[in-house]
There are 2 protein chains.
Amino acid sequence: MRVLLIEDDISLADGTVKALRRAGYAVDHAATGKEGRRYFEAGQLDILILDLGLPDIDGLVLLRELRQLQTGVPVLILTARDALTDKVSGLDAGADDYLTKPFAFEELLARIRVLSRRNTPAREPELKIGNVLINIASHEVQLDGEVQKLSRREFAILRALADRPGQVFSREQLEEKLYSWGDEVTSNTVDVHVHNLRKKLGHTLIKNIRGVGFILGSTE
Amino acid sequence: MRVLLIEDDISLADGTVKALRRAGYAVDHAATGKEGRRYFEAGQLDILILDLGLPDIDGLVLLRELRQLQTGVPVLILTARDALTDKVSGLDAGADDYLTKPFAFEELLARIRVLSRRNTPAREPELKIGNVLINIASHEVQLDGEVQKLSRREFAILRALADRPGQVFSREQLEEKLYSWGDEVTSNTVDVHVHNLRKKLGHTLIKNIRGVGFILGSTE
DNA sequence: TATTTTCCTTAAGTTTTTCTTAAATATGGC
DNA sequence: GCCATATTTAAGAAAAACTTAAGGAAAATA
């Protein structure tokens with residue numbers, strides 16, 4: 001776990017660095033905004049601790065700059081200023097937490113522990129069959145990069161087939177996926193939807209097994 | 001954005017609830033730990049604000065219990081106790097932030113804004129989708145550089161969608177972000193607000209996925 | 001507090017998209 | 001060629017989404 005401390009007050013910085021090292025963090029220290037920016041750009045940071053009262057650059061300005069870089073590094077702001085507006089604008093500039101001097105090392109460490117247990121959210125579930133990419137959430141399907149919108153029924157059929165590529169589904173089985181109990185249908189709806197699906201996704205994807213049903217052709 | 005406040009001091013709770021609602025949050029309020037736990041288990045929470053000095057359950061104990069549930073809901077602890085050990089153990093028990101009474105509503109709102117960024121992929125205070133720039137803090141939205149004034153509800157919907165661009169939100173999900181418990185709505189409000197949003201921000205930004213819901217479309 | 005203004009919710013009307021149906025055409029197996 | 005099954009087409013019905021307007025609620029202003 002690598003921490004960068006940007007702080008110009010040497011004695012405070014020394015104490016903080018020591019406390020952090022003792023707690024097991026790898027710590028870099030920069031005394032000016034410029035230097036800090038170099039460290040930030042260079043390194044694999046896990047957490048940034050930033051003093052707002054720097055000699056060369058306004059801390060808030062620096063913070064916004066660093067945020068532009070789009071890294072997701074959590075930032076904890078550290079400052080003597082106790083004014084409410086500073087806190088608020090610091091947080092709104094992209095800081096994740098705020099600590100006013102003087103502070104206890106214990107509390108700093110606790111807040112860093114909070115910041116470091118950040119978890120990254122899971123990605124969108126997507127399904128890929130051959131050259132067809134299915135986005136479950138948006139009901140969108142990409143065929144060789146081209147986006148196609150599917151209707152609800154079309155999507156339901158494709159999804160059923162895609163659940164088990166290579167397995168044949170009878171019309172009755174597919175209808176069961178589409179209609180709730182009591183909603184039965186007495187026409188060739190499934191065929192029509194399959195037809196429309198093929199129009200959108202090409203004629204090789206969904207194959208028909210005569211007398212049996214439909215199958216998602218994974219191979220060939 | 002849905003917030004649960006667990007706080008037994010009625011007058012403080014009232015003021016806080018009002019301030020939060022005015023800021024566009026859907027707020028539920030519980031006066032006891034037990035009640036709070038029920039709300040917590042029931043709902044689609046985005047943020048929990050928890051007072052440590054509850055009459056029936058020790059706040060820290062409750063916090064640990066709720067953490068067991070493994071929901072990723074950010075927790076902000078609120079308390080009169082100013083002792084360092086309390087802060088530290090609060091944070092280590094799974095809180096994400098800490099505010100000591102008395103506090104300014106402004107700061108509470110700022111910290112909530114930070115927490116609400118937490119579970120979203122883009123943690124920038126400003127979000128850009130196509131030619132639309134969204135500033136969460138100031139409730140300001142720009143279309144091609146031109147500032148558009150959004151109403152509270154419009155902004156709440158846009159923010160919910162913007163939290164996860166590319167994810168579809170059903171009308172029910174959006175309503176949950178807008179209304180507190182007991183405030184439910186039985187009309188097409190969401191549609192109307194979406195319509196007004198599109199009038200202000202153009203018709204390509206918010207896409208509808210028929211039968212599913214709405215989605216913030218970045219491309220096309 | 002009273003007044004004005006803005007905003008929110010409803011609900012009904014309109015438009016657009018999708019679904020079902022049924023009939024016409026095509027295809028495969030015998 | 002004949003029958004059964006599959007595909008295509010088109011049209012009306014149904015469903016979902018969009019639009020509009022009005023009355024009431026909430027917020028802002030005086």
Side-chain angles (χ1 to χ4, degrees), chain A residues 138-141 148-159 161 168-172 174-180 182-215 217, chain B residues 14-15 17-27 105 139 141 148-158 161 168-180 182-215 217:
Chain A
S138 69
H139 286 199
E140 273 173 358
V141 172
Q148 300 284 344
K149 263 172 71 177
L150 300 190
S151 79
R152 197 151 45 121
R153 294 271 134 102
E154 288 163 8
F155 185 79
I157 288 180
L158 179 62
R159 189 183 186 169
L161 293 172
V168 189
F169 288 85
S170 70
R171 289 176 177 74
E172 290 72 36
L174 291 174
E175 278 170 11
E176 264 174 24
K177 306 262 180 192
L178 297 191
Y179 304 100
S180 46
D183 257 19
E184 288 83 0
V185 97
T186 58
S187 71
N188 63 343
T189 332
V190 170
D191 297 64
V192 174
H193 288 309
V194 167
H195 173 239
N196 290 329
L197 270 170
R198 296 211 260 230
K199 268 210 294 216
K200 290 181 181 174
L201 303 176
H203 287 249
T204 53
L205 187 71
I206 301 174
K207 283 191 296 189
N208 171 267
I209 307 293
R210 179 166 268 254
V212 188
F214 296 97
I215 185 175
Chain B
D14 266 14
V17 168
K18 272 184 191 152
L20 287 169
R21 293 230 167 104
R22 201 161 309 146
Y25 296 96
V27 188
F105 288 135
H139 282 208
V141 174
Q148 300 285 338
K149 256 177 69 183
L150 298 191
S151 78
R152 207 152 25 123
R153 292 271 131 103
E154 286 163 9
F155 188 81
I157 287 180
L158 181 60
L161 293 172
V168 190
F169 289 85
S170 70
R171 289 177 177 73
E172 291 72 36
Q173 283 177 310
L174 291 174
E175 280 168 9
E176 261 176 17
K177 306 265 179 193
L178 257 50
Y179 303 100
S180 320
D183 257 19
E184 288 83 0
V185 96
T186 56
S187 71
N188 62 344
T189 333
V190 170
D191 297 62
V192 174
H193 288 306
V194 166
H195 173 237
N196 291 328
L197 271 171
R198 297 211 258 230
K199 269 209 293 217
K200 290 180 182 175
L201 303 176
H203 288 250
T204 53
L205 185 71
I206 301 174
K207 281 195 301 186
N208 171 268
I209 306 293
R210 178 167 270 252
V212 188
F214 295 98
I215 186 175

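Residue numbers begin at 1 in each chain, while the letters A, B, ... track the order of the sequences. Just so you know, these numbers come straight off a predicted model, no measurement behind them.
One can place CG of B:L178 at 12 Å from P of C:dT10, the figure rounded to the nearest angstrom. If you measure from atom CG of B:D183 to atom P of C:dT10, you get 10 Å, rounded to the nearest angstrom. Atom C1' of nucleotide C:dT6 and atom CZ of B:R153 are separated by 14 Å, given to the nearest angstrom. Straight-line distance from the CG atom of B:L150 to the C1' atom of C:dC8: 15 Å, rounded to whole Å. When rounded to the nearest whole Å, the span between CG of A:L158 and P of C:dT18 equals 15 Å. Between the NE2 atom of A:H193 and the P atom of C:dT18 there is a distance of 11 Å, given to the nearest Å. Regarding B:L174, its CG atom lies at a distance of 13 Å from the P atom of C:dT9, rounded to whole Å. For B:I157 and C:dC7, the CD1 to P distance is 15 Å, given to the nearest whole Å.
Around the CZ atom of A:R159, the shell of radius 6.0 Å holds no more than 12 heavy atoms that belong to other residues, nucleotides or ligands.
At the heavy-atom level, A:S151 lies under 4.0 Å from the strands shown only through sugar-phosphate atoms.
The side-chain contact (heavy atoms from CB on, under 4.5 Å) test with A:L174 is passed by exactly one of A:L161, A:T189, A:D191: A:L161. A:L150 pairs in a side-chain contact (heavy atoms from CB on, under 4.5 Å) with only one of the listed residues (A:E154, A:R153, A:R152), which is A:E154.
Of the listed nucleotides (C:dT21, C:dT18, C:dT9), C:dT9 has the atom at the smallest distance from the side chain of B:S187.
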For this session: Determine, for nucleotides 5-13 of chain D in 5'-to-3' order, which nucleotides have protein heavy atoms under 4.0 Å from the base (write B), from only the sugar-phosphate (write S), or from neither (write -).
Result: BSBBB----
Problem set entry | Verdict with reasoning, A:H139 to B:V212, per side chain to side chain contact (heavy atoms under 4.5 Å, CB included) | CA-CA 9 Å; A:H139 286 199; B:V212 188; 3.4 Å; yes
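The backbone N or O of B:D183 sits nowhere less than 3.5 Å from a side-chain atom of B:S180 that would complete a donor-acceptor pair. B:K177 places no side-chain N or O within donor-acceptor distance of the main-chain N or O of B:I157, the cut-off being under 3.5 Å.
Mapped onto DNA chain C by nearest heavy atom, A:R152 and B:K149 fall at different nucleotides, with B:K149 at the one closer to the 5' end.
Legend: residues meeting ring pair (Phe, Tyr, Trp, His ring centres under 6.0 Å) with B:H193, ordered by chain and number and at least two apart, are absent.
Taking only side-chain nitrogens and oxygens, B:Y179 comes nearer than 4.0 Å to OP1 or OP2 of C:dT9.
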